[in-house]
Structures are given as structure tokens and as C-alpha cells.
Protein chains: 2
Amino acid sequence: MVTIKDIAKVTGFSPSTVSRVIANNSRISEETKNKVRAAMDELGYHPNLTARNLVIQSTKTIGVIMPSSADESLQNPFFTEVLRGIGSYFHQKQFSILLSSGQTEQEKFEEIERMVLGKYVDGIILLYSRLNDSVVDFLQEKNFPFVMVGKPSGDKDEIVHVDNDNVKAGKDITTYLIENGHRRISFIGGAADLVVTIDRQKGYEMALKEAGILITKEYTIHTEFLKSGGRQAVEQILGLELKPDAVVVSDDLISVGVISMLEEYGIKVPEDISLVSFNNIYFSEIIKPALTTVDIQIYELGVESAKAIIQMCTNQKLSKKRIIIPHHIAYRDSVRLKK
Amino acid sequence: MVTIKDIAKVTGFSPSTVSRVIANNSRISEETKNKVRAAMDELGYHPNLTARNLVIQSTKTIGVIMPSSADESLQNPFFTEVLRGIGSYFHQKQFSILLSSGQTEQEKFEEIERMVLGKYVDGIILLYSRLNDSVVDFLQEKNFPFVMVGKPSGDKDEIVHVDNDNVKAGKDITTYLIENGHRRISFIGGAADLVVTIDRQKGYEMALKEAGILITKEYTIHTEFLKSGGRQAVEQILGLELKPDAVVVSDDLISVGVISMLEEYGIKVPEDISLVSFNNIYFSEIIKPALTTVDIQIYELGVESAKAIIQMCTNQKLSKKRIIIPHHIAYRDSVRLKK
DNA sequence: CTGTTAGCGCCTTCAG
DNA sequence: CTGAAGGCGCTAACAG
């Protein structure tokens with residue numbers, strides 16, 4: 001391996017001079033810079049990142065934590081999309097992503113511990129937010145820089161997070177349904193301990209309330225991404241005395257299953273029942289019917305969380321703890337419109 | 001920060017002894033081990049990975065490279081699924097994933113250069129295989145350990161890769177169509193420079209040939225994952241004088257678009273046209289109609305590539321360069337069966 | 001503008 | 001069974 005010393009020897013300069021050339025230090029003459037660089041090219045020198053990291057006490061890499069991968073929801077394109085956003089910003093700042101890959105909660109926790117305690121990352125981005133997450137507690141206790149994509153379940157004023165206004169999003173999309181004459185509106189949510197589910201449901205309820213529509217308990221269902229879960233949700237709806245004429249689904253991925261199930265029972269979207277959901281992933285546009293869904297700008301969520309964590313790791317001031325990415329509704333074909 | 005020296009000072013042992021305790025060296029008495037460990041607990045000591053990596057000249061970190069993220073196909077759940085597989089094996093071996101995040105080919109290349117030349121990773125896993133990939137050339141030239149998920153476009157005997165037998169898979173699924181009485185079978189493939197597309201198409205052609213069916217050029221179409229691409233493919237098919245009665249689609253994700261398009265034109269799957277594809281992602285089961293598709297065991301692909309790269313990085317012998325993950329057909333509802 | 005010196009935190013001979 | 005010393009490759013004062 002060719003090191004800084006080799007370059008020093010060959011050029012006759014000292015190692016520190018070579019180091020300064022790497023850093024493009026202004027106190028080095030152009031002439032020596034050129035000489036040194038020539039030698040580096042010739043010998044094929046490249047700085048060893050590990051060595052550098054050791055002395056500067058920073059790795060310029062960020063641990064990015066996905067939900068534990070036993071979770072079916074991992075197949076949600078949401079994650080690759082945030083990752084894209086994070087990556088794009090990281091690239092220009094020369095930061096790297098260390099991806100957590102734990103199967104279970106336990107494994108995930110161990111990995112985070114390794115990264116953090118081993119000083120292998122400068123910060124953490126959490127790609128989800130759920131109730132009573134021990135990871136959050138750990139990070140807070142260690143006082144380790146982290147940002148969360150989504151809304152924290154507690155300590156909202158302490159935790160830096162990048163989120164949509166999911167309550168408002170839920171309200172907006174539900175109101176849209178109401179404006180189009182729907183009144184018996186059901187809510188199908190994903191895992192009930194996900195903060196995002198809770199918020200969207202809250203918005204749904206607000207919209208109903210505002211429109212003077214009674215909130216019926218039986219109209220609210222929580223399901224998993226699995227097929228059987230979707231089936232159960234639909235059967236529950238269809239078993240109701242007064243069947244809903246519209247349904248708010250908390251995630252596009254779930255919508256796909258719900259629509260299929262509905263179809264299996266001979267119920268058509270949007271003719272027989274309207275459906276709206278959230279995220280606007282690639283699928284929502286290409287399935288039949290194309291989904292009317294809240295575009296939450298996943299990519300931006302990624303970019304902003306990347307910006308935030310890098311700011312925190314480079315001791316810059318963060319103007320605010322709560323960064324909201326605006327949403328808008330992608331109007332498509334899954335809602336029966338008022339004439 | 002608490003270091004090995006602090007522990008040494010507190011316990012009265014030397015740093016080297018403490019180091020040996022960390023490594024659980026057998027030449028250290030149980031008694032000292034206990035004392036040292038107690039001190040480590042008390043002071044909250046954790047080994048600094050960067051420092052360790054520097055001396056052992058290895059990071060136990062593998063760069064995992066996705067296609068450049070401008071690529072729409074990144075929303076393909078395929079990637080998170082391989083990642084899951086890789087992660088599961090990495091976890092038990094205490095390896096980490098450094099995820100590449102380049103937008104463009106250029107950016108991706110830069111990142112890989114950084115990782116490799118900076119000795120920031122011990123090896124690379126490539127999650128795709130395309131024709132004339134400069135990344136592969138680079139890795140080969142540097143003689144850097146890497147494994148590819150998919151089949152290399154050249155140097156097949158040199159490059160360690162984990163793949164399905166996609167030619168056979170293509171043949172199997174096409175034969176299934178033929179067995180069910182279909183004769184005018186079209187092929188819709190993704191990007192034409194992806195080796196996987198090429199292989200599956202080859203299998204499709206073999207099946208036709210074997211059944212004595214003429215291969216019609218107009219029946220083969222390449223498209224992108226984008227909506228417009230799917231539309232174009234379908235329109236091309238429908239414009240044909242002799243419309244196909246079945247279609248082999250090279251990826252489940254594309255199938256979703258194709259089915260929607262077909263439906264838009266009033267053509268039903270499988271009543272009017274049968275459809276089969278590949279991958280068996282989560283979606284394939286929950287959309288309507290549920291897809292008959294080749295299950296390629298994505299997760300296993302990930303696990304095996306992880307095994308392979310770790311073997312290479314730890315100087316173990318690899319029994320073979322080409323590791324094939326068996327596939328099987330998931331029979332579902334997108335094919336009209338022979339009575 | 002450049003060189004000398006120290007040291008980041010850890011592992012590993014080599015001694016004892 | 002344990003300690004001392006050196007070094008992994010690089011940066012950062014401090015001199016000059």
C-alpha cells in the first residue's frame with residue numbers, strides 16, 4: 001500500500017506537506033502541490049479513510065435505520081425513495097450511508113449500539129417512528145445526534161425530525177371525499193403503533209367532526225401489509241350494516257391489497273366505493289384505478305433529513321427542530337366525484 | 001471518551017492486557033478478565049472501531065451498490081428484499097453495509113472509487129448486472145473482492161456471482177404458457193442492457209423454438225418501468241395484426257403497468273390475454289389478478305451473495321464462482337388454463 | 001511556505 | 001499470564 005510517507009520520500013518533502021496538499025492547504029506553493037500531485041498520480045496514492053477518520057475523530061458516515069426487516073412493510077418503496085433523497089445530498093457532502101440491517105428489534109438495537117458506541121458513525125437517521133421505541137431512548141440518553149423521519153411519539157420539542165403534517169394531510173384528503181358527497185367514510189390504517197398512522201387517523205377524524213359526521217368506531221380498522229390482513233379489513237367493512245361509501249387508507253401499499261380484496265367481492269373502486277390514500281409511490285399511478293393519494297414528497301423527506309443530520313454533525317445551528325415537508329393531493333381515479 | 005488506557009489505569013493492568021480481554025484471549029486469567037470487564041462496564045467503555053480497523057487493516061464493511069438512483073427501477077422492492085437477505089447474514093458475522101447512493105452513473109462511480117481506494121470497505125456487492133459496466137472493469141482491474149447479484153456480461157468464469165438460472169426460468173414459464181394452449185406469446189422486457197432481461201428473453205425464445213413456434217420480432221418489446229413505457233408496449237402489442245394471447249413480462253413491477261394499460265383498453269387478464277412474469281415480489285400476490293410468476297427467491301440471493309463476499313474477504317476458499325439459486329413458479333391467476 | 005513532533009485508539013510482536 | 005514498545009496512516013499544532 002502506498003502511503004503519505006512514500007509520496008514524501010519520492011518528492012523529498014515531508015509527510016505533513018503531502019498531507020497539506022491533500023487538504024489543498026493554501027499555505028503550500030502551487031509548485032510543490034503540482035510535484036506532490038504528480039507523484040501521487042504516479043504511485044497511485046489514495047488517502048486511507050480509516051486513518052484519517054481516526055485522527056479527525058469523525059467518519060462522515062451516518063447510520064440509516066430501517067424498521068426491523070422482519071417487517072413486511074420493508075417492501076414499501078417508501079424506503080428506497082427516502083434513501084435516494086438522503087443519498088443525493090450525502091453525495092455532494094461526501095457523506096456515506098451505513099445501513100442497518102437488523103431482522104428483529106433486538107438485532108437492530110445491537111447494530112445501532114455497535115455503530116454509536118464504536119464511534120463508527122457521526123449521526124443517525126431513523127426512517128420510522130413508533131410508540132415507545134427503545135432506540136430513541138438510547139440515542140437520547142447517549143445524547144447522540146440523530147434525526148427522525150416522521151413525528152416522534154414523545155419529546156416532540158427535543159427531537160429533530162422531518163415530517164409531513166400528517167394530521168392535516170389526513171384532514172385534507174378526507175375533506176375531499178366529503179366534498180364529493182361521501183359521508184360514510186371508513187379508515188383503514190397500518191400498524192397502530194406507527195405515529196404516522198395515528199396522525200393520519202386523527203386528521204380523518206377531524207374532517208368528519210368538522211363536517212358534522214359521526215365517528216363510528218366500527219369504521220376504523222387497523223391492519224398489516226400482509227394479504228390476510230387486507231382481507232380481514234375488507235371483510236370487516238363489508239360485514240357492516242351500513243357499508244361505507246368511501247375509505248381512507250393510510251398507505252398506498254395497503255390500498256393495493258384493499259382494492260384487490262374489494263374487487264374479489266365484486267365491489268368496484270370508485271363506482272361502488274371511493275378510496276384515497278397516502279404516499280404517492282410509483283405504483284399508485286400505474287395500478288387500476290390510479291390512486292387519488294396524498295403526495296408526501298418522500299424524496300424531499302430524505303433530502304431534508306440528510307441536511308439536518310449533517311448540520312448537526314458539523315455543529316451548525318439548526319433553525320428548527322421540526323421540519324415540515326408540504327404535501328399535496330394527486331387527484332386521480334379512485335374517487336367517485338360529485339356531479 | 002474512555003479508551004483502553006483508562007481501563008488500564010483503573011485496573012492497574014497494561015493496555016495490552018485490556019486489549020487481550022476484548023479479544024477474549026485465552027492467555028488471560030479469568031480473574032483479570034472479570035476485573036477488566038467490570039471496569040469497562042463501570043466506565044462505559046466501548047472499543048473504537050475506527051482505531052481497530054486501522055490496525056487490523058480491515059473494516060468488516062461491505063459496499064453494496066444499487067443501480068444509479070436516477071433509475072426508476074429503484075422503487076422495485078427487489079432491492080430492499082436483497083438488502084434484507086444480505087443484512088441478515090451480515091448481522092451474524094458482524095459485518096456492515098455501506099450503501100452506495102449515487103444519482104448518476106458518474107456519481108456512483110465516484111462513490112465506489114472512494115470506498116475502494118480509501119480502503120473503507122473490504123469488498124463490494126453489486127446488485128445489478130448490465131452490459132459494459134465500467135464499475136466491473138474498475139473492480140477487476142484493482143483486483144478488488146466483489147460479488148455480483150446477477151450474471152456478469154463478460155468474464156463469466158472469473159467473476160463471482162449469485163444468480164438464478166434466468167434462461168431456464170424464462171423457458172419454464174413460457175413452456176407453462178404453451179402447455180396451456182397459448183401460441184402467440186409476446187415478450188415485454190425491461191431495459192435491454194440488463195443481463196437479466198436478456199437471459200429471460202433467451203429462455204422465452206428457447207421455449208418457443210422447442211415447441212415449434214416461430215419467433216416473431218414484433219412480439220418482442222423493451223420498455224421502461226415508467227408509465228409511458230408500459231403504455232407504449234401495450235399499444236404496440238395491440239396494434240399488431242395477430243394479437244398475442246399471452247405475454248411474458250420480465251419483471252413483476254412492469255406487469256402491474258401492463259395489466260393496467262391492458263385493462264384501459266378493455267382487455268382482461270387472463271380472460272383475453274394471459275400474463276406471466278418474474279420475481280414474485282409482495283405485490284404479485286395482492287394485485288388483481290394475482291400474478292403467476294417465477295419466484296426467484298430474492299432474499300436467498302441476498303444471503304448467498306453475503307456469504308460469498310465474506311468468504312472472499314476472509315480468505316476462505318470459494319467452492320465455485322457461479323452460485324445458482326433455484327427458482328420455482330408461483331402459480332396464480334394471471335394465466336388462462338387449458339380446460 | 002515547509003519540517004518536526006506527537007498522537008488519534010488500538011493491536012501485536014517480543015520479552016519476561 | 002502480563003508488560004513495554006512500536007506502529008497502522010494520517011493530521012495538527014508548533015517551530016522555523
Side-chain angles (χ1 to χ4, degrees), chain A residues 1-40 43-61 94 114-122 314, chain B residues 1-40 43-61 94 114-122 314:
Chain A
M1 168 179 248
V2 29
T3 78
I4 231 172
K5 281 185 193 160
D6 300 318
I7 306 294
K9 215 164 283 168
V10 169
T11 55
F13 292 105
S14 75
S16 38
T17 300
V18 179
S19 173
R20 285 190 266 254
V21 173
I22 296 170
N24 200 16
N25 189 310
S26 57
R27 302 184 312 184
I28 303 286
S29 75
E30 278 308 316
E31 199 185 331
T32 33
K33 277 187 186 173
N34 288 334
K35 278 186 195 157
V36 169
R37 283 183 185 137
M40 298 199 302
L43 302 198
Y45 169 80
H46 266 269
N48 181 306
L49 295 179
T50 304
R52 167 182 296 165
N53 289 346
L54 180 59
V55 17
I56 65 176
Q57 300 279 48
S58 145
T59 58
K60 292 185 77 166
T61 104
Q94 304 244 51
R114 243 178 72 85
M115 294 181 189
V116 171
L117 269 11
K119 301 251 177 306
Y120 205 41
V121 296
D122 291 352
T314 49
Chain B
M1 169 180 251
V2 29
T3 79
I4 231 171
K5 280 185 192 160
D6 300 318
I7 305 294
K9 215 163 284 169
V10 169
T11 56
F13 291 105
S14 75
S16 31
T17 300
V18 178
S19 173
R20 284 191 265 255
V21 172
I22 296 170
N24 200 18
N25 188 310
S26 57
R27 301 184 313 185
I28 302 289
S29 74
E30 279 307 316
E31 199 186 329
T32 26
K33 278 186 185 172
N34 287 334
K35 279 186 195 158
V36 169
R37 284 183 185 137
M40 297 199 304
L43 302 199
Y45 168 79
H46 265 268
N48 181 305
L49 295 179
T50 304
R52 167 183 295 166
N53 289 346
L54 179 60
V55 18
I56 67 177
Q57 300 279 47
S58 145
T59 58
K60 293 185 75 165
T61 299
Q94 305 244 52
R114 242 177 74 86
M115 293 182 190
V116 171
L117 269 12
K119 300 251 177 306
Y120 205 41
V121 296
D122 291 352
T314 51

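The chains referred to below are lettered A, B, ... by the order of the sequence lines, with proteins before strands, and numbering in each begins at 1.
Rounding to the nearest 0.5 Å gives a distance of 12.0 Å between OG1 of A:Thr17 and NZ of A:Lys33. For the atom pair CZ of B:Arg37 and CD1 of B:Ile7, the computed distance is 12.5 Å after rounding to the nearest 0.5 Å. Atoms OG1 and CD1, on A:Thr59 and A:Ile56 in that order, are 8.5 Å from each other to the nearest 0.5 Å. With rounding to the nearest 0.5 Å, the separation of CZ in B:Arg114 from CD in A:Gln94 is 4.5 Å. From B:Ile22, atom CD1 reaches atom CD1 of B:Ile4 across 4.0 Å, with rounding to the nearest 0.5 Å.
When the side-chain nitrogen and oxygen atoms of B:Tyr120 are compared with OP1 and OP2 of D:dG9, none of them lie within a distance under 4.0 Å. Look at B:Thr17 and you'll find a side-chain N or O under 4.0 angstrom from OP1 or OP2 of D:dG3. Between A:Ser19 and D:dT11, a side-chain N or O to OP1/OP2 separation shorter than 4.0 Å is present. For D:dG9, one of the phosphate oxygens OP1 or OP2 lies less than 4.0 angstrom from a side-chain nitrogen or oxygen of B:Gln57. Between B:Ser16 and D:dA4, a side-chain N or O to OP1/OP2 separation shorter than 4.0 Å is absent.
Rounded to a whole Å, the NZ atom of B:Lys9 is 15 Å from the P atom of D:dG3. The separation between A:Asn53 atom CG and D:dC8 atom P is 18 Å, rounded to whole Å. Summarising the geometry, the separation between CD on B:Glu30 and P on D:dC1 is reported as 9 Å, rounded to the nearest angstrom. Nucleotide D:dG7 holds its C1' atom 14 Å from the CG atom of A:Asn48, rounded to whole Å. Atoms CG (A:Leu49) and P (D:dG9) sit 13 Å apart, rounded to a whole Å. We find that CD1 of B:Ile4 is positioned 15 Å from P of D:dT2, with the value rounded to whole Å. In this entry the distance linking CG of B:Asn25 with C1' of D:dT2 reads 11 Å, nearest Å. One interatomic measurement links the two molecules: CZ of A:Phe13 to P of D:dT11, which rounds to 17 Å at whole-angstrom precision.
In this structure, A:Thr61 and B:Tyr120 have side chains that are in contact, with non-hydrogen atoms separated by less than 4.5 Å. You'll find the side chain of A:Phe13 stays beyond 4.5 Å of the side chain of A:Val21, heavy atoms only.
Contacts of A:Ser29 with the nucleic acid, taken as non-hydrogen atoms under 4.0 Å apart, involve only primed sugar atoms and P, OP1 or OP2. Looking at heavy-atom distances under 4.0 Å, A:Gly118 makes no contact with the nucleic acid at all. Counting non-hydrogen atoms under 4.0 angstrom, B:Thr32 reaches the backbone sugars and phosphates but no base. Nucleic acid contact class of B:Arg27 (heavy atoms, under 4.0 Å, all strands): base. Using a 4.0 Å heavy-atom criterion, one finds that B:Leu54 contacts the bases of the nucleic acid, with or without backbone contacts as well.
Comparing D:dT2, D:dC10, D:dT11 by their nearest atom to the side chain of A:Ala51 picks out D:dC10.
Here the range on DNA chain C touched by chain B, meaning any atom under 4.0 Å from one of its heavy atoms, is C:dC8 to C:dT13.
Looking at which nucleotide of DNA chain C each of B:Pro47 and B:Arg20 is closest to, the 5′-most match is held by B:Pro47. When each of B:Lys33 and A:Thr50 is assigned the nucleotide of DNA chain D with its nearest heavy atom, B:Lys33 is the one assigned upstream, toward the 5' end.
A:Asn48 and B:Lys119 make their closest contact through ND2-CB, 4.1 Å (heavy atoms, listed as atom of the first residue, atom of the second, distance).
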